[in-house]
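Just so it is clear, the model here is predicted, and its values are computed rather than measured.
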Amino acid sequence: MTPTETPIAAMENASKRYGGVQALAHVSFSIARGEVRALLGKNGAGKSTVIRLLSGVEAPDEGTVSLGGRRLERPNVQLAQQLGVRTVYQELSLIPYMTVAENLFMGVWPKRRGQIDHKSMVAESEASLHRLGLRLDPRRPVSELSIADQQMVEIARALSEEPTLLILDEPTSSLGAGEVDRVLNAVNTIKSSGVAVIYVSHRLAEIRRVADSATIMRDGRVISTLPMAGTSTREVVEMMVGDTSLEAALVTAKPETGPVAMTVRGVRLEPKLEDVTFDVRVGEVLGIAGVLGSGRTELLQVMAGLRSPDAGEVELNGERIDGRGLIHAKRSGIGLTPEDRKNDGIFPELGVDENLVITDWGRVSNAGVISPSRLRAATRHAIDTMSVRVRNPKTPIGHLSGGNQQKVVIGRWLHAGSRVLLLDEPTRGVDVHAKAQIYELVRELATSGASVVFVSSEMDELNLVCDRAVVLAAGRIVAEQSAPDIETDTLLLAAVGEHDTKGL
């Protein structure tokens, strides 16, 4: 960008708070026409807040946001779109029962003599798709397309409105390795047309293929904006992670663990997993690290019996369990806490007591009828064990903090007697104190002989709780470390695609 050229988008000293949380603190950056800017940072770094401000969804508490030299004075999505901003979010917004063409022209259908001009719509759709190298039939329902094709249609829809700034939020997180090239090629095509692109991704190997520059964020602040050429992956990772030297690891030595409890052998699940193999031992906390879209959740679902792999197998104490369902898994002693606690983990209007015992009503029943005294006793035991802060066990769980909700979700599997716990992002959305309590609880469970699989995208928490950590990337286990030598930066390097970390 020349000194006299007006940036496509700019933020100056922008700050944003949500309650007591400082989401952005004095953030400044700008992007020029035809530039691809990577927006990098760990979860919670402030990337999503930047997207909301640039998209007009929200306004900063302090500072300014300008698009094409015009300042956004207040939240105004329509104005941001008029000024050329289009955002393709991680969650696709296509309507599955409508055709590709209908989705591309949603709300702006071409008309002729007062009627929708389907012939024109199909022809223009084909032209839009061809510009991105797609050979899709615009008359096909979106529901018949692969996730990769749907993602490309989403991008094509944004481009059909001729934006000056396109924001892509984790556009490859749901795609297999073989499908990523199509998105990256599309980004390069978009760049050549003069559109500015902000590309949000955890996958640094992809970033290197498309980005001219990168803005690196941490704790709501911009740490640096630098050209990708000449900057090593290790430098980027160190700026994302920050100084972790002052963090004392809770797991200071590799403990003695028991025999193998669960075996995962050669598991393949298209398009996410390819030849995943590892063991989980009795009394062990095994960390599984991976960035968004790496297949972590799908792997846990296979391990819990919720999904049948395309190949490979999962055994618990010598018995094959993959594909046999959650009820069988529960009877076998497996408990699974989901990543999306709000939608998949709790019944918000039910009390804490009911949420705690819902995995095994039989333990609080007498001849098939719930016993109030048994319910009270089981609830009190779980609340005390899990350090759940609640005055009345009948309080709807939706009224509790995220940390206390998560303790209840874990506690329900202890109530069921589970000895293998699969925890998917167990500390997401909880405060620092609650995190420390969850770490301590997990360690106590391992000491008692339980096996715990601790899945996390926050690499810097794995050395605080895990005996061993493996990294899932490109559908495979690509790295492994054991306590006390679990290193955050090395795990992240492997997770973002730098599998051979020697010399970086």
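Using modelled atom types, one side-chain atom of Arg443 and one backbone atom of Val465 make a donor-acceptor pair closer than 3.5 Å. Checked by atom type and distance alone, the side chain of Lys47 pairs as donor or acceptor with a backbone atom of Gly41 at under 3.5 Å. Judged by distance alone, the side chain of Gln81 and the main-chain N or O of Gln78 form no donor-acceptor pair under 3.5 Å. Put simply, the side chain of Lys330 gets close to the backbone of Thr359: a donor and an acceptor are under 3.5 Å apart. With Glu354 contributing its side chain and Gly351 its backbone, the two residues share a donor-acceptor pair below 3.5 Å. No donor-acceptor pair under 3.5 Å is formed between the side chain of Arg468 and the backbone N or O of Val285. Side-chain N or O atoms of Ser451 include none that pairs as donor or acceptor with a backbone N or O of Ala261 at under 3.5 Å. No side-chain donor-acceptor contact under 3.5 Å links Glu284 to the backbone of Asp467. Of the possible polar contacts, none joining the Trp413 side chain to the Leu421 backbone as a donor-acceptor pair under 3.5 Å is found. In this structure, the side chain of Lys16 engages the main chain of Ala59 through a donor-acceptor pair within 3.5 Å.
For the residue pair Val260 and Asn317, the shortest heavy atom distance occurs at O-OD1, 4.4 Å. For the residue pair Leu40 and Ala214, the shortest heavy atom distance occurs at CD1-CB, 4.0 Å. Taking each heavy atom of Val183 and Pro171 in turn, the nearest pair found is CG1-CB, 4.1 Å. Taking each heavy atom of Leu462 and Ser456 in turn, the nearest pair found is CD2-CB, 4.0 Å. What you find for Ile486 and Gln481 is that their closest heavy atoms are CA-OE1, 3.2 Å. Nearest heavy-atom pair, Pro338 versus Val409, reported as atom, atom and distance to 0.1 Å: CD-CG1, 4.4 Å.
Within 6.0 Å of NE2 in His381 there are 12 or fewer heavy atoms belonging to other residues, nucleotides or ligands. For CD of Glu319, the number of neighbouring non-hydrogen atoms (other residues, nucleotides, ligands) closer than 6.0 Å is greater than 12.
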Could you check Thr427 against Gln406 for side-chain hydrogen bond (donor to acceptor under 3.5 Å, both in side chains), going step by step and ending with a plain yes or no?
-> CA-CA 8 Å; Thr427 63; Gln406 188 70 320; over 6 Å; no
Could you walk me through whether Ser387 and Gln437 pass side-chain hydrogen bond (donor to acceptor under 3.5 Å, both in side chains), step by step?
-> CA-CA 8 Å; Ser387 299; Gln437 290 180 316; 4.5 Å; no
side-chain contact (heavy atoms from CB on, under 4.5 Å) assessment of Val88 paired with Asp169 = CA-CA 6 Å; Val88 177; Asp169 185 9; over 6 Å; no
Chi angles and distances behind the side-chain contact (heavy atoms from CB on, under 4.5 Å) call for Val408, Ile346 | CA-CA 9 Å; Val408 173; Ile346 65 171; over 6 Å; no
Show the numbers, then the answer: is there a side-chain contact (heavy atoms from CB on, under 4.5 Å) between Leu422 and Thr337?
-> CA-CA 6 Å; Leu422 310 178; Thr337 68; over 6 Å; no
Verdict with reasoning, Thr49 to Tyr18, per side-chain contact (heavy atoms from CB on, under 4.5 Å) = CA-CA 10 Å; Thr49 306; Tyr18 299 103; 3.6 Å; yes
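With rounding to the nearest 0.5 angstrom, the CD1 atom of Ile410 is 5.0 Å from the CD1 atom of Ile438. In this structure, Tyr97 OH and Glu144 CD are separated by 15.5 Å, a value rounded to the nearest 0.5 Å. To the nearest 0.5 Å, the span separating CE on Met106 from CD1 on Ile95 amounts to 3.5 Å. Rounding to the nearest 0.5 Å places CG of Leu493 at 11.0 Å from OG1 of Thr488. With rounding to the nearest 0.5 Å, the separation of CG in Asp360 from CZ in Arg331 is 10.5 Å. Once rounded to the nearest 0.5 Å, the distance linking CD1 of Ile327 with OG of Ser332 reads 11.5 Å.
Side-chain contact between Val420 and Val280 is absent, with no heavy-atom pair separated by less than 4.5 Å. Counting heavy atoms from C-beta on, the side chains of Thr172 and Glu206 come closer than 4.5 Å. Contact annotation: the side chain of Asn463 never approaches that of Glu487 to less than 4.5 Å [non-hydrogen atoms, C-beta and beyond]. Side-chain contact between Arg221 and Val27: absent, with no pair of heavy atoms (C-beta onward) separated by less than 4.5 Å. Residues Val65 and Leu54 form a side-chain contact, since some pair of their non-hydrogen atoms from C-beta on lies under 4.5 Å apart. Taking 4.5 Å as the limit, some side-chain heavy atom of Leu94 sits within range of a side-chain heavy atom of Val153. Considering only heavy atoms from C-beta on, Leu273 comes within 4.5 Å of Leu299 through its side chain. Residues Thr277 and Val267 form no side-chain contact, since every pair of their non-hydrogen atoms from C-beta on lies 4.5 Å or further apart.
Between Arg157 and Glu154 there is a salt bridge, since at least one side-chain N of the basic residue sits less than 4.0 Å from a carboxylate O of the acidic one. Of the charged side-chain nitrogens involved, none lies within less than 4.0 Å of a carboxylate oxygen, so that Arg265 and Glu315 do not count as a salt-bridged pair. Between Lys394 and Asp353 there is a salt bridge, with a side-chain nitrogen of the basic residue lying less than 4.0 Å from a carboxylate oxygen of the acidic one. Classification of Asp149 and Arg182 as a salt-bridged pair holds, one side-chain N sitting under 4.0 Å from a carboxylate O. Of the charged side-chain nitrogens involved, at least one lies within less than 4.0 Å of a carboxylate oxygen, so that Glu270 and Arg268 count as a salt-bridged pair. Salt-bridge annotation for Arg476 and Asp275: present, with a side-chain N of the basic residue lying under 4.0 Å from a carboxylate O of the acidic one.
Between the side chains of Asp61 and Ser15, no donor-acceptor pair of N or O atoms lies under 3.5 Å. Side-chain contact check for Tyr89 and Glu170: no donor-acceptor pair (N or O, by modelled atom type) lies under 3.5 Å.
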